[in-house]
Visitor: 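Starting off with a structure, shown below.
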Amino acid sequence: MTVDTLPYTTFYKAKKGIISWLFTLDHKRVALLYLYSIITFFLVGASLGILMRLELFHPGKDIVEPHTYNQIFTLHGVIMIFLFIIPSIPAVFGNFFLPLLLGTDDVAFPRLNLFSFWLYAIGALFALGTLVFGDGPADTGWTFYAPYSVRTGTNVTMSVVAAFVLGFSSILTGLNFIVTIHRLRTPGMGFNQMPLFAWSLYATSWIQLLATPVIGITLLMIVAERVFGVGLFDPSIGGDPVLYQHMFWIYSHPAVYIMALPAMGIVSEIIPTFAQRTIFGYKAIAYSSMAIAFIGYFVWGHHMFTSGMSGPAAYIFSILTFLVAIPTSIKVFNWIATLYKGSINIDTPLLFALAFIFNFLIGGLTGLVNGALAADIHLHDTYFVVGHLHYVMFGGTGFAFFGALHYWFPKIWGKMYNKKVANTAFATLLIGFNILYFPMIILGIMGMPRRYYDYLPEFTFWNQVSTVGSWITVSSLIVLIVNLFVAARKGKKAPDNPWGGITLEWQTKSPPPLENFDKMPKIPEGGPYNYPNAKSSN
Amino acid sequence: MSEKENIHISSYKEHLSTWLALILLTFMTVFVSVFGAELRTLSVATAMIIATVKATAVGYYFMHLKYEPKIYKIMMATVLGLFVFFMIMITLDYITR
Ligand code: HEM
Ligand SMILES: [Cu+2]
């Protein structure tokens, strides 16, 4: 592989100084601003997670008061959901790579893009502001269920405003991507020649655009009720708490696909590159993203089986929920089929992609258990749900996020990390992760409820296993991040295309110049994953 | 898409009649909510339907959906359809509880 040594100006060097970063209109710099903020909040959220696991090491009180524990899991949930996982892949890798994958020089609205980062920063300040203003962070859980969220003395208003502002940031990112995909594809690239990550972002963006306003309104209604006493959700002033849950989940179920779809897009990029083989079922994968996004709007009621919703509504939502499993499994089968007879190169990014499939399978199947009406009556609000949600969000999207980071690292920084350290961190992370969360699934089936700082003595063993898992998980995360950090500063120079990928981002230099491409990128003939020396044709 | 296709000028008459229709519909909403208050659910439903008609008119005439390719009309219809589904399922839950 030849390294192009002709001098050129990378986007890092194009302008200098902190102001040039904070007011940048370059999609790549906006992406990095997001990356650094998101990693920071991830570490804060993880520390709160560790704190909870320490409290749960023994039954009874270990280190925090019950009320503090309630605030910790709420802040942990709010940070992980609104500041980490929802923006994670779209705001970082979508911003950085969507224009590159489409062969263009920026997103459609660079100023809007910067604005959405600023909204993210303001929302984050509000979320953290609850630590110092009012009576401390909310203690409602990240779901802010009424009527408790209307009555509690903690600073729900500020937390809710944070989520509201962060929602706007998410809407603007979605809008930007939709217009970029419709308008800025390089000449000759139709929708069906787009890389699958672009497809998955397209589906995600429609959810961000259409579902997020619903939560905006809902959260404002909570504020109206707290501040002005308008009777909307609190039955004592004429409201209906079940209505709150409807409105909350009309957004928050589609939102789980804001988390999952981009992750599936990442896996669909990594697998063909490391199998050096055409993706199996391009159209099936592309359109199943759209199908997941669409069906995702019709199933929110599966979070409400025990809330007092009517029987007929519950049956309908249970049946609809099972439909989502179809497009999801279509993807899994296509990924596996792509690997079959490929010339597989087992490298760090592929390991993360495979771990995604493994973890997401456990997450998805436990999700079906929750979706089954009768089973959910037993499992609702137990640790089964906590196990399930971490398998999907952390084991799925979190692993895909780190996979993407290792996949595109050489493109972003032009350096290569130490692969031995990366692979070791990966292995211990996968093991630690499963030791941390699988016990939760068992505890849930045994009947341990979630959101308690205490438990009965018979749950002690599995709780201690889980806490030990949290130590392994966090140590691996630290090794993983430090390894990348060191590599970005003094890693070996990486070639422009270290993995032999053929999507357009690999045709430019690493790190890319300000305008992304010096010369028009060439679209691969016969589709975005048509590897020249692939063994089979399909 | 060439620049030429994007230039479409609608007549004053069309703008004016759309505007008048919107004003008329607004009066209808007020009328129903004042004089039909005892109809409760029905008056809310009427207000929602009138609002939907108004939004469609704005999109179609003022925002030039009229001139756009079919795919945008389909997108618009899908969004409306989703909203209708939300309302139907929540109402279904209420009346069968
Ligand atoms: C070091 C990693 C982590 C640890 C040790 C951890 C631990 C925990 C624990 C013990 C709970 C249950 C609290 C309770 O019900 O009493 C919890 C809840 C939760 N976690 Fe994590 N977690 C971690 C990472 C994550 C990640 C990466 C995400 C999302 C991307 C996440 C999202 C959530 C959410 C949404 C809840 C529910 C909060 C609520 O009940 O309102 N966590 N976590
Ligand atoms: Cu759901």
Visitor: Let me know if B/Tyr94 has heavy atoms under 4.5 Å from chain A in its side chain, its backbone, both or neither.
Guide: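 The side chain, not the backbone.
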
Visitor: Verify, without hydrogens or angle tests, whether A/Thr173 (side chain) and A/Ser169 (backbone) share a donor-acceptor contact under 3.5 angstrom.
Guide: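 Yes: the side chain of A/Thr173 pairs with the backbone of A/Ser169.
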
Visitor: Evaluate ring pair (Phe, Tyr, Trp, His ring centres under 6.0 Å) for A/Tyr202 paired with A/His182, printing each intermediate quantity in order.
Guide: CA-CA 9 Å; A/Tyr202 186 65; A/His182 274 274; 5.4 Å; yes

Visitor: For A/His303 and A/Thr143, run side chain to side chain contact (heavy atoms under 4.5 Å, CB included): C-alpha distance rounded to whole Å, both residues' side-chain angles, the deciding distance at 0.1 Å, then the answer.
Guide: CA-CA 11 Å; A/His303 296 272; A/Thr143 45; over 6 Å; no

Visitor: In a check of side chain to side chain contact (heavy atoms under 4.5 Å, CB included) between A/Val214 and each of A/Thr218, A/Leu210, A/Ile217, which one passes?
Guide: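 For A/Val214, the side chain to side chain contact (heavy atoms under 4.5 Å, CB included) check succeeds only for A/Thr218.
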
Visitor: Is chain A contacted by the side chain of B/Leu82, its backbone, both, or neither, given a heavy-atom distance below 4.5 Å?
Guide: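 For B/Leu82, the side chain is the part near chain A, not the backbone.
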
Visitor: Please rank B/Ile90, B/Thr78, B/Leu92 by heavy-atom pairs under 4.5 Å with chain A and give me the top one.
Guide: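 Highest number of pairs under 4.5 Å: B/Ile90.
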
Visitor: Could you tell me whether the side chain of B/Thr18 and the main chain of B/Glu14 form a donor-acceptor pair under 3.5 Å?
Guide: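 Side chain of B/Thr18 to backbone of B/Glu14, a donor-acceptor pair under 3.5 Å: yes, one is there.
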
Visitor: A/Val150 and A/Leu232: side chain to side chain contact (heavy atoms under 4.5 Å, CB included), yes or no, with the steps?
Guide: CA-CA 10 Å; A/Val150 176; A/Leu232 297 166; over 6 Å; no

Visitor: Output the residues of residues 234-244 of chain A for which the shortest heavy-atom distance to chain B is under 4.5 Å, in residue-number order; output 'none' if no such residue exists.
Guide: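 Result: A/Asp240, A/Val242, A/Leu243.
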
Visitor: Hey, are A/Tyr282 and A/Trp199 close enough side-chain-wise for a donor-acceptor pair under 3.5 Å?
Guide: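 A donor-acceptor contact under 3.5 Å links the two side chains.
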
Visitor: Under 4.5 Å heavy-atom distance to chain B, tell me which part of A/Leu320 shows up: side chain, backbone, both or neither.
Guide: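 When you check distances to chain B, only side chain atoms of A/Leu320 fall under 4.5 Å.
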
Visitor: Is there side-chain contact between A/Pro187 and A/Met520, with at least one heavy-atom pair below 4.5 Å?
Guide: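 A/Pro187 vs A/Met520: side chains touch.
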
